[in-house]
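I have placed the structure first, in the form of structure tokens, so that the comments after it can refer back to it.
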Amino acid sequence: MATKRERLEQLLSPVVESLGCELWGIEYQTHGRNALLRIYIDSERGIAVEDCEKVSRQVSAVLDVEDPISGKYTLEVSSPGLDRPLYKLDHYRRFAGSRIEVRLRMPLEGQRKWRGLLVGVEGEEVVLRVDSENEYLLPIDSIERANVIPQFEK
């Protein structure tokens with residue numbers, strides 16, 4: 001059975017793509033009676049405020065018709081930014097060689113938060129090097145959240 005986020009991705013991905021953008025990811029959070037639907041969009045040319053406005057209007061219209069979220073919610077459309085969240089195995093492949101921060105659903109060796117070099121992907125697992133000697137295979141399903149750590153030239 002698909003999660004709420006997966007159902008929203010299936011519904012909204014064609015809308016976002018029709019506007020020349022990629023649906024990078026969706027976050028859906030509930031806060032009491034209210035909810036937040038945050039949609040990240042990306043494009044090879046980058047994302048401007050006008051892209052967010054255009055996607056927001058179209059997505060809002062589709063959500064009004066399809067009504068997949070009961071109750072009140074706030075819709076946010078944004079670029080993933082420099083510290084972009086990573087959701088899919090393809091995201092991890094694309095950002096191999098980057099430093100990332102990972103939060104696991106359950107502790108591994110006593111800790112849930114990890115920082116290291118994203119080596120790549122093996123099957124359904126993300127390969128994270130935390131120092132020069134230790135690499136960990138993290139099943140994609142065990143990752144609660146992962147973000148690229150922006151690196152700036154000195």
Checklist entry - Backbone N or O of Glu109 within a donor-acceptor pair of the Gln111 side chain at under 3.5 Å? => result no
Checklist entry - Are Asp90 and Val121 close enough, and set up right, to give a side chain to side chain contact (heavy atoms under 4.5 Å, CB included), and what steps lead you there? => result CA-CA 9 Å; Asp90 184 52; Val121 174; over 6 Å; no
Checklist entry - So, do Tyr136 and Leu108 sit near enough that their side-chain heavy atoms are less than 4.5 Å apart? => result yes
Checklist entry - Please walk me through it: do Glu124 and Leu89 pass side chain to side chain contact (heavy atoms under 4.5 Å, CB included)? => result CA-CA 7 Å; Glu124 296 288 313; Leu89 286 172; 3.6 Å; yes
Checklist outcome for this item: Taken to the nearest 0.5 Å, the spacing of Arg115 CZ from Arg99 CZ works out to 7.0 Å
Checklist entry - So, the side chain of Lys88 versus the backbone of Gly25: is there a donor-acceptor pair under 3.5 Å, distance only? => result no
Checklist entry - Can you name the nearest heavy-atom pair linking Ser79 to Cys52, along with the distance? => result N-SG, 4.3 Å
Next on the checklist: Test of understanding: clusters of I, L, V, M, F, W, Y form through side-chain heavy atoms closer than 4.5 Å, transitively. Do Leu11 and Val59 belong to the same one?
Outcome noted: yes
Checklist entry - Can you list the steps and then say if Leu19 with Asp51 is a side chain to side chain contact (heavy atoms under 4.5 Å, CB included)? => result CA-CA 8 Å; Leu19 297 170; Asp51 296 314; over 6 Å; no
Checklist entry - Say you draw a straight line from CD1 of Ile26 to CD of Glu6; how long is it, rounded to the nearest 0.5 Å? => result 10.5 Å
Checklist entry - In terms of hydrophobic clustering (I, L, V, M, F, W, Y; side-chain heavy atoms under 4.5 Å; direct or indirect links), are Leu37 and Val15 co-clustered? => result yes
Checklist entry - Is any NZ, NE, NH1 or NH2 atom of the basic residue among Arg84 and Glu22 found under 4.0 Å from an Asp or Glu carboxylate oxygen of the other? => result no
Item to check | Leu75 side, atom CG; Ile69 side, atom CD1 - distance, nearest 0.5 Å | outcome: 8.0 Å
Checklist outcome for this item: d(Arg38 CZ, Glu76 CD) to nearest 0.5 Å is 4.5 Å
Checklist entry - Can you check whether Thr74 reaches Asn34 side chain to side chain, under 4.5 Å on heavy atoms? => result no
Checklist entry - Do Glu135 and Leu137 come close enough that some side-chain heavy atom pair is under 4.5 Å? => result no
Item to check | Flag side-chain contact, heavy atom, 4.5 Å: Val55 against Gln58 | outcome: no
Next on the checklist: Contact between Ile149 and Ser98 at the side-chain level, heavy atoms closer than 4.5 Å - yes or no?
Outcome noted: no
Item to check | Heavy-atom side-chain proximity of Ile100 to Asn147 below 4.5 angstrom | outcome: no
Checklist entry - Is it the case that more than 12 heavy atoms not belonging to Gln151 sit under 6.0 Å from its CD atom? => result yes
Next on the checklist: Using side-chain heavy atoms (C-beta onward) and a distance below 4.5 Å, is Val148 in contact with Leu82?
Outcome noted: no
Next on the checklist: Within the 3.5 Å criterion, strictly below it, is a donor on Thr3 or Arg5 matched to an acceptor on the partner's side chain?
Outcome noted: no
Checklist entry - Do any N or O atoms from the side chain of Arg105 and from the backbone of Glu144 form a donor-acceptor pair under 3.5 angstrom? => result no
Checklist entry - Hey, does Leu117 have a side-chain heavy atom less than 4.5 Å from the side chain of Leu128? => result no
Checklist entry - Can you hop from Tyr28 to Trp24 via hydrophobic side chains spaced under 4.5 Å? => result no
Checklist outcome for this item: So CG of Leu118 and CZ of Arg129: to nearest 0.5 Å the spacing works out to 10.5 Å
Checklist entry - Within a reach of under 6.0 Å around CZ of Arg45, are more than 12 heavy atoms found that belong to other residues, nucleotides or ligands? => result yes
Checklist entry - Is it the case that one hydrophobic cluster holds both Leu86 and Trp114, taking links as side-chain heavy atoms less than 4.5 Å apart, direct or via other members? => result yes
Checklist entry - Can you tell me if Tyr87 and Glu27 form a side-chain donor-acceptor pair at under 3.5 Å? => result yes
Checklist entry - Distance from Asp42 atom CG to Ser78 atom OG, nearest 0.5 Å? => result 10.0 Å
Item to check | Same cluster (ILVMFWY, side-chain, under 4.5 Å), Val127 and Tyr92 | outcome: no
